[in-house]
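Notes follow once the structure below has been shown.
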Amino acid sequence: MQNTKQNIQPLMLDVLQGKQTNRVPFWLMRQAGRYLPEYRALRTRAGSFLDLCLNPSFAAEVTLQPLQRFDMDAAILFSDILVIPYGFGENLAYVEGEGPKLDPLNLDPSNLHALSDRFDLKRLAPICETVARVRQDLSKDKILIGFAGGPWTVACYMIDGRGGTGFPLSLAASQNKAFELDLLIDLLTQASIEYLRAQVDAGAQALQIFDSWSGLLSPDGFQRWVIAPTKRITAALKQSHPHIPIIGFPRLSGPLYLDYANQTGVCALSLDHTTPLNDLPPSTVVQGDLDPQILLKGGAELDQAVQACLEKFKDRPHIFNLSHGVIKETPPDHVARLSKLIKDYRR
Ligand code: CP3
């Protein structure tokens, strides 16, 4: 009998629900960005990077650009993890060649208490408008991923005011100002919950928490400022939006990633290529983990590495991705090759 009412669930959702699929779905962190000429063109027209993030029409177009070229299985909202500090009214600028800059945060408890009333979700309304537009234009077999930074990673940029130097002030705070750091992480956790809920309400179908600098913390710090707040975020989202899968990315957390997997309540783990797979239960949904340097190089080495990555994860639910974002010098042809290799693979 012909099935007239076809129920096409996107492949990404199948895998996020723990199903083993024939074809492996894929998307790439930083799949939209400066390695694409069409991104650079729109970025110039928008003005600053933040102007681009806050322009729903441009941001929606940029979100969809990589899918038009490479047919990924998911779009990721084009925005940045530092829009949360922007939502708190902090001064945020992206300096060409240097990355994001904020005024280093004063960690006096009085300042942190003053900050607590300042998060204004309305400042992020244009981003939710981008989510709604993308969802409307995206085909039904693809999903839109929303995201936020892990509270610790966002705190690092707020405390140090910049990346690139290993976040010495944030690390000092984790040792000497643990109480103040608790207050800040608490504020960021609350704000992230509100912001992620708003993204889902606008149309995001899965969420990723980027904790890019979780690997800087001691095991105790990791428990306190990575695992505990992530657990609060997943619990809150589960309560309000029980069907939305959450992917966690505790980058460079080494063996601690197992505690993260077991305790935070995320439904999938984004791995980086330094993470050993030992002891991870075979049912755990994994995302990753090709080194973006190999994508940059291309050639036979890329072909072999993609094959090896697909084989490594073939007995578990797997979403193909990189271990960190696409490097801006990556030739788009290499991404096209990657897409073909993944699409041709069957397990
Ligand atoms: O993945 C995507 O395609 C979605 C968009 C996205 C961006 N940043 C766009 C961006 C996402 C998910 C992020 C997350 C993000 N931002 C993280 C976590 C992931 C990671 O990379 O570790 C972090 C730490 C940030 C903070 C940030 N934003 C940095 C350090 C920089 C500068 C680095 C650089 O590549 O210049 C940014 C700027 C930024 N965010 C760009 C893009 C496309 C480059 C901006 C430009 O056009 O000049």
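All values derive from a computational prediction rather than experimental measurement. Atoms within each ligand, like the ligands themselves, are counted from 1 in listed order.
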Numbering the atoms of ligand 1 from 1, which are under 4.0 Å from a heavy atom of [X]?
| X | result |
| --- | --- |
| F210 | 12 (C), 18 (C), 19 (C) |
| I76 | 1 (O), 2 (C), 3 (O), 4 (C) |
| L77 | 4 (C), 5 (C) |
| Y157 | 24 (C), 30 (C) |
| M29 | 1 (O) |
| Y94 | 28 (N), 37 (C), 38 (C) |

Is the shortest N/O to N/O distance between [X] and ligand 1 below 3.5 Å?
| X | answer |
| --- | --- |
| E96 | no |
| S212 | yes |
| R30 | yes |
| H324 | yes |

Next item on the list: Look at ligand 1 and say whether L52 reaches it with a heavy atom at a distance under 4.0 Å.
Entry: no
Check: Touching ligand 1 at all, G325? Heavy atoms, strictly under 4.0 Å?
Finding: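 The answer is no, since G325 has no heavy atom less than 4.0 Å from ligand 1.
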Evaluate whether atom [atom1] of [X] has more than 12 neighbouring non-hydrogen atoms of other residues, nucleotides or ligands under 6.0 angstrom away.
| X | atom1 | value |
| --- | --- | --- |
| K340 | NZ | no |
| R45 | CZ | no |
| Q68 | CD | yes |

Inspect the contact between [Y] and [X] and indicate whether a charged nitrogen and a carboxylate oxygen are less than 4.0 angstrom apart.
| X | Y | result |
| --- | --- | --- |
| D120 | K122 | yes |
| R224 | D220 | no |
| R232 | D186 | yes |
| R34 | E329 | no |
| E90 | R118 | yes |

Can you pull out the closest protein heavy atom to [atom]? Residue, atom name and distance to 0.1 Å, please.
| atom | result |
| --- | --- |
| atom 15 (C) of ligand 1 | I81 CG2, 3.7 Å |
| atom 16 (N) of ligand 1 | D80 OD1, 2.8 Å |
| atom 11 (C) of ligand 1 | F147 CZ, 3.7 Å |
| atom 43 (C) of ligand 1 | F78 CE1, 3.7 Å |

Look at [atom] and find which of [options] reaches it with the closest heavy atom.
| atom | options | answer |
| --- | --- | --- |
| atom 47 (O) of ligand 1 | Y39, F49, F249 | Y39 |
| atom 6 (C) of ligand 1 | S79, P66, G146, A148 | S79 |
| atom 29 (C) of ligand 1 | P100, G164, G150 | P100 |
| atom 35 (O) of ligand 1 | R43, R34, R40 | R34 |

Note to self: If we check ring-ring contact (aromatic ring centres under 6.0 Å, His included) with W213, which of these qualifies: W225, F222, F167, W152?
What the structure shows: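 So, applying the ring-ring contact (aromatic ring centres under 6.0 Å, His included) to W213 and each of W225, F222, F167, W152, only F167 qualifies.
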Next item on the list: Among D14, L16, V15, find the one that has a side-chain contact (heavy atoms from CB on, under 4.5 Å) with P25.
Entry: V15
Check: Can you say whether the rings of F49 and Y94 are parallel (under 30°), tilted (30 to 60°) or perpendicular (over 60°)?
Finding: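 Geometry flag for Y94 against F49: perpendicular rings.
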Notebook entry, point to check: Would you say the ring centroid of Y39 lies under 6.0 angstrom from that of F78?
Noted result: yes
